[in-house]
Asks: 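My structure is below; once you've seen it, I'll send some questions.
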There are 2 protein chains.
Amino acid sequence: MAVSARRGAPLSPEEIHAEALRLIDEQGVEALSMRKLAAALNVNPMSLYHHVPNKEALLDGVRTLVLSEIKPADDDGSSWQEQIRGLGAGLRALAHRHPSLYPYLCAHPQLMRQDGVSDVLCRVLAAAGVPEERMAAVRNALFAFTAGFLLAEINGMFPGRDDAAFEEAVTLIVNGLSAYGRDGSGGNAHAEVSPG
Amino acid sequence: MAVSARRGAPLSPEEIHAEALRLIDEQGVEALSMRKLAAALNVNPMSLYHHVPNKEALLDGVRTLVLSEIKPADDDGSSWQEQIRGLGAGLRALAHRHPSLYPYLCAHPQLMRQDGVSDVLCRVLAAAGVPEERMAAVRNALFAFTAGFLLAEINGMFPGRDDAAFEEAVTLIVNGLSAYGRDGSGGNAHAEVSPG
DNA sequence: ACCTGAACACCGTTCAAGT
DNA sequence: ACCTGAACACCGTTCAAGT
C-alpha cells in the first residue's frame with residue numbers, strides 16, 4: 001500500500017488543487033512552490049509528481065477548479081440590460097474571491113471560454129439585437145472588456161472596490177450594445193475600414 | 001577605474017534596461033534572469049546590483065522604458081470618434097511590439113497612468129460629451145477596456161491578429177460614448193442603483 | 001501503486017574582498 | 001567607484017530505490 005507515513009489517506013489531484021488554491025488565495029501566486037505545497041499537505045515534495053505532471057499543469061488544474069465556480073443563471077425574464085449587469089457582477093464576484101489568481105486566469109483565456117458562460121452571453125446579446133454574423137466578435141469583445149476592467153480593478157487602478165466605477169463601465173457597455181438594437185448595424189460607420 | 005576586464009565601458013541602468021527589454025522581446029519575461037542578463041551584457045551577474053537594486057526594480061525600469069514609447073498625438077482636428085480610434089490603435093501597436101512584456105504592463109497600472117495619455121484621452125472624451133464629474137470614471141473604464149482587449153488578443157483569444165475584431169470592439173466603445181453626447185447623462189438609467 | 005532521499009541544474013541576493 | 005567569486009537559501013524536476 002505504501003501510503004505516506006505521515007498521512008492516513010493517499011494524495012489525489014483534487015486534494016492537491018484545492019490546497020494549492022488555498023495557498024494562492026492566502027499568500028499569492030508568486031509564493032506558491034511545489035515544495036511549500038507539499039509541506040502544507042504534509043507530504044514529500046516529490047510525491048506530488050505522481051498526481052500532477054508539473055507546476056504548469058498544477059496551475060492549470062487550479063484555474064479550472066476556480067472556473068467551475070461559475071454558474072451562469074438561467075433566463076429569468078428580465079431585460080437584456082439587467083442580464084448583462086448580472087453576468088458582469090458574477091464575474092466580478094469571482095475575481096474578488098480570488099484576487100491573487102485572477103491575473104493568471106486572464107493570462108489563459110482558453111479556460112475563460114467556458115461554453116456555459118458563452119452560451120448565456122450569446123443569448124443575451126441576441127436579445128440586445130446583435131446580428132448573428134457579428135455575434136462572435138461582440139461576445140469576445142465584451143468578455144475581454146469585462147476581464148480587463150476587473151484586472152485593472154484588482155491591480156489597484158481604482159481606489160479600493162469602487163462600485164460606482166463598475167456601474168459606469170457597465171453602463172458604457174450597455175449603451176454601446178443598444179446601438180445594435182436601434183438599426184441592427186451597431187451604428188458602425190467604420191466596419192469596412194481597411195484593417196491596418 | 002576597475003572597469004570590467006571584458007568590456008570597454010562601465011555599465012549603466014539605461015544599458016541594462018535596454019538589454020533586458022531585448023531579451024524579454026526575444027525570449028519572454030519568464031526566461032529573463034539576472035544571470036542570463038549579465039551574460040548577455042558580458043558581465044559578472046553581481047555587477048548588475050551596482051546599478052539596479054533588484055529584479056523587481058529592473059522590471060519596473062523596463063516597463064517605464066516601454067511606456068516612454070507612447071507619444072500621444074496632438075489634436076489634429078478630426079472627430080472625437082476618429083481620435084478614439086487613433087488612441088486605441090496606438091496602444092495596440094505598442095502591445096504588439098512587446099507582446100511578452102505586455103501582460104506585465106497590465107499588472108502594474110500605476111505606470112499606465114501616464115499623464116500625457118490621460119490628458120489627451122480626457123480632451124477627446126470631453127469632446128464626446130462626457131460630463132466633468134464622470135470624466136475620471138469613464139476615462140478609467142475606457143483604459144481598462146482597451147488594455148483588457150489587447151491582453152486577450154495577445155493571449156490568443158482571437159485567432160491571430162484579428163483587425164476586424166478590434167474594429168468591432170472600438171465600435172462598441174464609440175457607440176457607448178455616443179450616449180453621453182445625446183443627453184449628457186450617458187443614458188444611464190442605473191446610475192443610482194445601490195451598489196452591490 | 002505509491003512514496004522517498006539524494007542529486008542536478010538552475011534561481012535571486014549578500015557579503016567580503018579585490019583594483 | 002566599480003567589479004568579482006564564493007556562498008546562502010531557495011527553486012522545479014529526474015531518477016533510482018524503497019515498501
Side-chain angles (χ1 to χ4, degrees), chain A residues 1-63 65 100-101 103-104 107-108, chain B residues 1-63 65 100-101 103-104 107-108:
Chain A
M1 39 182 65
V3 161
S4 162
R6 303 137 86 194
R7 295 167 39 89
L11 276 176
S12 73
E14 290 72 26
E15 189 184 2
I16 293 175
H17 292 148
E19 182 66 22
L21 178 56
R22 224 183 48 73
L23 283 179
I24 288 170
D25 285 342
E26 207 172 76
Q27 316 189 19
V29 198
E30 313 294 348
L32 180 74
S33 78
M34 299 297 273
R35 293 166 122 109
K36 279 192 211 162
L37 175 58
L41 286 164
N42 206 25
V43 130
N44 185 287
M46 303 316 136
S47 302
L48 300 176
Y49 286 91
H50 288 275
H51 305 91
V52 154
N54 51 42
K55 193 182 184 183
E56 193 47 53
L58 167 67
L59 282 173
D60 233 71
V62 174
R63 280 188 286 262
L65 175 61
S100 173
L101 183 66
Y104 285 75
H108 293 253
Chain B
M1 40 185 61
V3 160
S4 163
R6 304 136 88 193
R7 293 166 42 89
L11 276 175
S12 73
E14 290 71 26
E15 189 184 2
I16 293 175
H17 293 149
E19 182 66 22
L21 178 56
R22 224 185 47 75
L23 283 179
I24 288 171
D25 284 342
E26 206 171 78
Q27 316 189 19
V29 199
E30 312 295 348
L32 180 74
S33 76
M34 299 298 274
R35 292 166 123 110
K36 278 193 212 160
L37 175 57
L41 286 164
N42 205 23
V43 127
N44 185 286
M46 303 316 134
S47 303
L48 300 177
Y49 286 92
H50 289 275
H51 304 92
V52 154
N54 50 43
K55 193 182 183 182
E56 193 47 52
L58 167 69
L59 282 173
D60 233 71
V62 175
R63 280 188 286 262
L65 175 61
S100 173
L101 183 66
Y104 285 76
H108 294 253

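Residue numbers start from 1 in every chain, and the chains themselves are labelled A, B, ... in the order their sequence lines are given, proteins ahead of strands. Model, not experiment: these values are computed from the prediction.
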Asks: Looking at Arg22(A) and Glu15(A), is any side-chain nitrogen of the basic one under 4.0 Å from a carboxylate oxygen of the acidic one?
Replies: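 No salt bridge links Glu15(A) with Arg22(A).
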Asks: Is His51(B) close enough to dC2(D) that one of its side-chain N or O atoms is under 4.0 Å from OP1 or OP2 there?
Replies: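 So the side-chain polar atoms of His51(B) never come under 4.0 Å of the phosphate oxygens OP1 or OP2 of dC2(D).
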Asks: Please determine, for the side chain of Ser47(B), which listed nucleotide (dC3(C), dC3(D), dG12(D)) has the closest atom?
Replies: dC3(D)
Asks: With distance as the sole test, does Lys36(B) use its side chain to make a donor-acceptor pair with the main-chain N or O of Ala31(B) at under 3.5 Å?
Replies: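 Side chain of Lys36(B) to backbone of Ala31(B), a donor-acceptor pair under 3.5 Å: yes, one is there.
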Asks: Just to be sure I understand the geometry, which residues of residues 29-37 of chain B put a non-hydrogen atom under 4.0 Å away from DNA chain D?
Replies: Arg35(B)
Asks: Could you pull out the closest heavy-atom pair between Met34(B) and Leu48(B), with the gap in Å?
Replies: O-CD1, 3.3 Å
Asks: Report the distance from atom CG of Asn44(B) to atom P of dT13(C), rounded to the nearest whole Å.
Replies: 15 Å
Asks: To the nearest angstrom, how far is Met46(A) atom CE from dT14(D) atom C1'?
Replies: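 From Met46(A) CE to dT14(D) C1': 9 Å.
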Asks: Of all heavy-atom pairs between Tyr104(A) and Arg63(A), which one has the smallest distance, and what is that distance?
Replies: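 Answer, listing the atom of Tyr104(A) first, then Arg63(A): O-CD, 3.6 Å.
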Asks: Can you tell me the distance, in whole Å, between the CG atom of Asn54(B) and the P atom of dC11(C)?
Replies: 17 Å
Asks: Does anything in residues 19-28 of chain A reach DNA chain C, meaning a heavy atom under 4.0 Å, and if so which residues?
Replies: none
Asks: Taking all non-hydrogen atoms of both residues, which atom of Ala57(A) and which atom of Asn54(A) are closest, and how far apart?
Replies: N-OD1, 2.9 Å
Asks: Answer with yes or no whether His50(A) presents, from its side chain, a donor or acceptor under 3.5 Å of a partner atom in the base of dC3(C).
Replies: yes
Asks: Start with the C-alpha gap between Leu32(A) and Leu59(A), add the side-chain angles, then the distance that decides, and say whether side chain to side chain contact (heavy atoms under 4.5 Å, CB included) holds.
Replies: CA-CA 10 Å; Leu32(A) 180 74; Leu59(A) 282 173; 4.3 Å; yes
Asks: How close do His17(A) and Gly61(A) get, counting heavy atoms only, and between which atoms?
Replies: NE2-CA, 3.6 Å
Asks: Given dT13(D), dT4(C), dG12(C), which nucleotide is nearest the side-chain atoms of Lys55(B)?
Replies: dG12(C)
Asks: Walk me through whether Leu11(A) and His50(A) qualify under side chain to side chain contact (heavy atoms under 4.5 Å, CB included).
Replies: CA-CA 9 Å; Leu11(A) 276 176; His50(A) 288 275; over 6 Å; no
Asks: Go through dC3(D), dT13(C), dT13(D) for me and flag the one nearest to the Tyr49(A) side chain.
Replies: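 Of dC3(D), dT13(C), dT13(D), dT13(D) is nearest to the side chain of Tyr49(A).
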Asks: Of the non-hydrogen atoms in Ser100(A) and Gly28(A), which two are nearest, and what is the gap between them?
Replies: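 For Ser100(A) versus Gly28(A), the nearest heavy atoms are OG-CA, 3.0 Å.
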Asks: With side chain to side chain contact (heavy atoms under 4.5 Å, CB included) as the criterion, how do Glu19(A) and Leu37(A) come out once you've worked through the C-alpha distance, each side chain's angles and the decisive distance to 0.1 Å?
Replies: CA-CA 7 Å; Glu19(A) 182 66 22; Leu37(A) 175 58; 3.7 Å; yes
Asks: Atom CG of Asn42(B) and atom P of dC3(D): how far apart are they, to the nearest Å?
Replies: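 Answer to the nearest Å: 12 Å.
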Asks: What closest approach, in Å, do Arg35(B) and Pro45(B) show between heavy atoms, and which atom pair accounts for it?
Replies: CG-CB, 4.2 Å
Asks: In whole angstrom, give the distance that lies between atom CG of Leu48(B) and atom P of dT14(C).
Replies: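 Atom-to-atom, Leu48(B) to dT14(C), this comes out as 13 Å.
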Asks: Just to be sure I understand: a Watson-Crick pair is purine N1 to pyrimidine N3 plus N6-O4 or O6-N4, both under 3.5 Å. Using that and G-U wobbles, which stems of three or more pairs involve DNA chain C?
Replies: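 Detected stem regions: C:4-8 with D:12-16, C:12-16 with D:4-8.
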